[in-house]
There are 2 protein chains.
Amino acid sequence: MSDLSVANSMRRPRAPRKPASPAPAPDATPSPAAPSGGAGLDTAYLETLLGYNARRAALSVIAVFLRRMEPFDLRPVDFSVLTLIAHNPGVTSRQLCAALDILPPNLVGMVKNLQKRGLIVRKPHPTDRRAQGLHLSAGGKRLQREAQSTATELEHDVSSALTPNELATLNALLRKVYQR
Amino acid sequence: MSDLSVANSMRRPRAPRKPASPAPAPDATPSPAAPSGGAGLDTAYLETLLGYNARRAALSVIAVFLRRMEPFDLRPVDFSVLTLIAHNPGVTSRQLCAALDILPPNLVGMVKNLQKRGLIVRKPHPTDRRAQGLHLSAGGKRLQREAQSTATELEHDVSSALTPNELATLNALLRKVYQR
DNA sequence: TATTGTTATACTCTATAACTATA
DNA sequence: TATAGTTATAGAGTATAACAATA
């Protein structure tokens, strides 16, 4: 279900929100020691849910990713595609779709775009004439290398509230959740 | 950036994919002990990234959530809205937007829909005549209670690969990432 | 008969501008 | 002048059906 791309955030000068005094809960039972959920509301229950927490964390990290990748003009899904091609030269579109859970029709435009930018090249598949092997151009390799460095550096910043051990634990536990 | 809703998955009888023999990497350096990324590809690097792992895990959990919530006809964002209203009766739309990171124009339709279903009712705000307090109807309370039970049960299933302690750790670390 | 890559297209999600009523 | 709620709409993301070429 769904691919690994992400919404077009990163361009909204939205109206400022109340930072401190978020209008007291105007009704009954404001929850004893109400944990702040960003608006003074009781979000305690939602914060017990793995899906809720994983999505909030993902959006938070991806927001930083979007900013840092702007110089490369790469969305998360573009970076994933380039990176998989870099590490798996000759990979087919179909394999990328399976690995990233992208539907084939939705990958076509991305590959076409990356190709138009001169980052990837398609070569005939050695054994299957239906398929095409995807490879990085020299420029594609350079860009992917720089983007990967940026992504790796990013890792430290987005996890500044965590120790290195905690980050390693977090990643390991997340993989356990989706790898089945 | 972005709200907590989710794509319209849960209705795709997609074509079956190669389960075991996913066509060997047709080119150089297939990575020594290549960890399977779902298609026999080397996805090792992507799996070191918090954003990648968090998003994959979130999508995995949400896919289960979508199935289990079908009887209630509730998307994740609908469940979040109902739950916040349940725990914060009289909450305003604006507060929901801030807590869930939803843009006001995008909440309007959801609230309207939940109201049309007779799940929530709007009452005049006690002190601000611009605003409206949101409350659950009797039916809304019943549905939210059942849905919350379902969500809590779901928690065990989606984390079947984790011990209870690991799940608690995972949730705590995720909150640390996005709460800042 | 099944799969790869593709086009066309519908539908959902996310974002911006702008308006009104009230503060 | 600023905020709550709203409308309209643009743009990005996700999904399905169907086709030609090849296996």
Side-chain angles (χ1 to χ4, degrees), chain A residues 1-19 21-23 26 39 55 59 62-63 66 75-78 80 91-98 100-113 115 122-134, chain B residues 1-19 21-23 26 39 55 59 62-63 66 75-78 90-98 100-113 115 122-134:
Chain A
M1 307 54 195
S2 301
D3 73 336
L4 287 180
S5 70
V6 81
N8 52 322
S9 299
M10 219 69 304
R11 62 189 83 167
R12 169 157 48 100
R14 228 192 302 179
R17 285 164 184 168
K18 283 183 188 173
S21 61
R55 185 162 155 82
L59 289 173
I62 290 171
L66 288 169
R75 299 167 303 163
V77 66
D78 298 315
S80 294
V91 65
T92 68
S93 288
R94 224 53 196 204
Q95 287 178 305
L96 288 181
C97 285
L100 295 174
D101 203 2
I102 298 173
L103 293 174
N106 298 333
L107 184 66
V108 173
M110 304 179 202
V111 168
K112 197 177 294 183
N113 180 46
Q115 187 182 27
R122 307 193 220 199
K123 299 181 184 176
H125 192 282
T127 64
D128 188 338
R129 285 194 303 168
R130 294 171 304 180
Q132 324 174 34
L134 299 175
Chain B
M1 302 47 193
S2 300
D3 73 336
L4 286 179
S5 70
V6 81
N8 53 322
S9 299
M10 219 69 302
R11 61 189 82 167
R12 170 158 48 102
R14 228 191 303 178
R17 285 164 183 167
K18 284 183 186 172
S21 62
R55 184 159 155 86
L59 289 173
I62 289 171
L66 288 169
R75 299 167 303 162
V77 66
D78 298 315
V91 66
T92 67
S93 288
R94 226 51 196 202
Q95 288 178 304
L96 289 180
C97 286
L100 296 175
D101 203 1
I102 298 173
L103 293 173
N106 298 332
L107 184 67
V108 172
M110 303 179 204
V111 168
K112 196 177 293 181
N113 180 47
Q115 186 182 28
R122 309 194 217 199
K123 299 181 183 175
H125 192 281
T127 64
D128 189 337
R129 283 193 305 167
R130 294 171 302 180
Q132 323 173 35
L134 299 175

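Every value quoted in this text rests on a predicted model; they were computed, and no experiment measured them. A note on names: the letters A, B, ... follow the listed sequences, proteins ahead of strands, and every chain is numbered from 1.
Between the CG atom of B/Asn113 and the C1' atom of D/dT6 there is a distance of 16 Å, given to the nearest Å. In this structure, the CG atom of A/Leu59 is 11 Å from the C1' atom of C/dT14, given to the nearest Å. For A/Gln95 and C/dT4, the CD to P distance is 9 Å, given to the nearest whole Å. The separation between A/Leu103 atom CG and C/dT4 atom P is 14 Å, rounded to whole Å. As rounded to whole Å, 11 Å separates atom C1' of C/dT12 from atom CE of B/Met110. Between the C1' atom of C/dG5 and the NE2 atom of A/His125 lies a distance of 13 Å, rounded to the nearest Å. When the P atom of D/dG13 is taken as reference, atom CZ of A/Arg55 falls 13 Å away, rounded to whole Å. Rounding to whole angstrom units, CD1 of residue B/Ile102 and P of D/dA4 are separated by 15 Å.
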Scan nucleotides 19-23 of chain D against the protein and return all N/O pairs shorter than 3.5 Å with their distances rounded to 0.1 Å.
residue, atom, partner, partner atom, Å
D/dA23, OP1, A/Arg129, N, 2.8
D/dA23, OP2, A/Arg129, NH2, 3.4

Review item, nucleotides 7-10 of chain C N/O atoms under 3.5 Å of protein N/O:
residue, atom, partner, partner atom, Å
C/dT7, OP2, A/Lys112, NZ, 2.9

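Within the model, atoms CG of A/Leu107 and OG of A/Ser93 stand 5.0 Å from one another, a figure rounded to the nearest 0.5 Å.
Within the 4.0 Å cut-off from OP1 or OP2 of C/dT6, at least one side-chain nitrogen or oxygen of A/Arg122 is found.
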(message) Show, in sequence, the C-alpha distance, side-chain angles and deciding distance for A/Leu96 and A/Val91, and conclude whether the side chain to side chain contact (heavy atoms under 4.5 Å, CB included) test is met.
(response) CA-CA 7 Å; A/Leu96 288 181; A/Val91 65; 4.1 Å; yes
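Side chains of B/Thr92 and B/Gln132 form no contact here, defined as non-hydrogen atoms less than 4.5 Å apart.
Between A/Ala131 and A/His125, the shortest heavy-atom contact is O-CB, 3.4 Å. B/Leu103 and B/Cys97 get closest at one heavy-atom pair: C-SG, 4.0 Å.
Using modelled atom types, no side-chain atom of B/Asn113 and backbone atom of B/Met110 make a donor-acceptor pair closer than 3.5 Å.
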